[in-house]
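Bear in mind the structure is a predicted one, so any value in this text is a computation, not a measurement.
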Amino acid sequence: QVQLVESGGGLVQAGGSLRLSCAVSGRFFSRYASGWFRQAPGKEREFVAAINWSGGSTYTSDSVKGRFTISRDNAKNTVYLQMNSLKSEDTAVYYCAARRAGADIWYSEIQWYDYWGQGTQVTVSS
């Protein structure tokens, strides 16, 4: 059974930074593609960033491009989301997701992911 646990959320002022972590339990983490999604109150869950299993390819949404960076450490079974220059509109619950992938590619659609964390709250004050 694969379990994902996010951490690192909190309250930060606009312009500040946070780094989210997602610890993944289970075997074969190095064959799991991973992603970050977020959901603001009253809105649907949306894609933020994705990374392939080797960490060599990433993709971020236009809304966070140039500010957020996804990375992973397969030796630690952990995926990260570095968030810089935070804005009030980044306020949301952030979710980590994983998928046992058949190829070394990333996925940006919610329906492709099999495993999800419980979420961590990020609040950006203006």
For residues 25-43, which side-chain donor-acceptor pairs fall under 3.5 Å, sequence neighbours excluded?
from	atom 1	to	atom 2	distance (Å)
Ser25	OG	Gln3	N	3.2
Ser25	OG	Gln3	O	3.3
Trp36	NE1	Tyr80	O	3.4
Arg38	NE	Glu46	OE2	2.6
Arg38	NH1	Asp90	OD1	2.9
Arg38	NH1	Tyr94	OH	3.0
Arg38	NH2	Glu46	OE2	3.1
Gln39	NE2	Lys43	O	3.1

Subject >> Pairwise side chain to side chain donor-acceptor pair (under 3.5 Å) hits with a residue in residues 11-21, at least two apart >> reply: Ser17-Asn84
**OP:** Compute both the distance and the angle, then confirm whether Arg45 meets the cation-pi test with Tyr95: under 6.0 Å from the six-membered ring centre, within 45 degrees of the axis.
**Re:** yes
Original post:
Under a 4.5 Å side-chain heavy-atom rule over Ile, Leu, Val, Met, Phe, Trp and Tyr, are Leu86 and Leu11 clustered together?
Top reply: no
Original post:
Taking the side chain from Glu6 and the backbone from Thr120, do they hold a donor-acceptor pair closer than 3.5 Å?
Top reply: no
Subject >> For Gln121, all residues meeting side-chain hydrogen bond (donor to acceptor under 3.5 Å, both in side chains), sequence neighbours excluded >> reply: Thr123
Original post:
For Thr78, does its backbone N or O pair with a side-chain atom of Arg72 as donor and acceptor, under 3.5 Å?
Top reply: no
Original post:
Can you find a heavy atom in the side chain of Leu18 that is under 4.5 Å from one in the side chain of Val122?
Top reply: yes
Original post:
Is there a donor-acceptor contact under 3.5 Å from the side chain of Asp73 to the main chain of Asn77?
Top reply: no
**OP:** Give the cluster check for Leu81 versus Val124: same hydrophobic cluster or not, with ILVMFWY residues linked at side-chain heavy-atom distances below 4.5 Å.
**Re:** yes
Subject >> Met83 to Leu20 - nearest heavy-atom pair and separation >> reply: CE-CG, 3.8 Å
**OP:** Identify the two heavy atoms, one from Val24 and one from Leu4, that lie closest to each other, and give their separation to 0.1 Å.
**Re:** CG2-CG, 4.1 Å
Original post:
Honestly curious: do Tyr115 and Val93 fall in one hydrophobic cluster under the side-chain, below-4.5 Å linking rule?
Top reply: no
**OP:** For residues Thr60 and Ala49, report the shortest heavy-atom separation together with the two atoms involved.
**Re:** CG2-CB, 3.7 Å
Subject >> Listed partners of Trp106 passing side-chain hydrogen bond (donor to acceptor under 3.5 Å, both in side chains), at least two apart >> reply: Ser57
**OP:** Could you tell me the separation between the OG atom of Ser61 and the CZ atom of Phe68, rounded to the nearest 0.5 Å?
**Re:** 8.0 Å
Original post:
Residues in side-chain hydrogen bond (donor to acceptor under 3.5 Å, both in side chains) with Lys76, at least two apart?
Top reply: none
Subject >> Gap between atom CG of Asn52 and atom CG of Asp104 - 0.5 Å precision >> reply: 4.0 Å
Original post:
Between Tyr59 and Phe47, does the ring centroid distance fall short of 6.0 Å?
Top reply: yes
**OP:** For Asp114, enumerate each residue passing the side-chain hydrogen bond (donor to acceptor under 3.5 Å, both in side chains) test, keeping only those at least two apart in sequence or located in another chain.
**Re:** none
**OP:** Answer yes if Val79 and Val5 sit in the same cluster of Ile, Leu, Val, Met, Phe, Trp and Tyr residues linked by side chain heavy atoms under 4.5 Å apart, and no otherwise.
**Re:** no
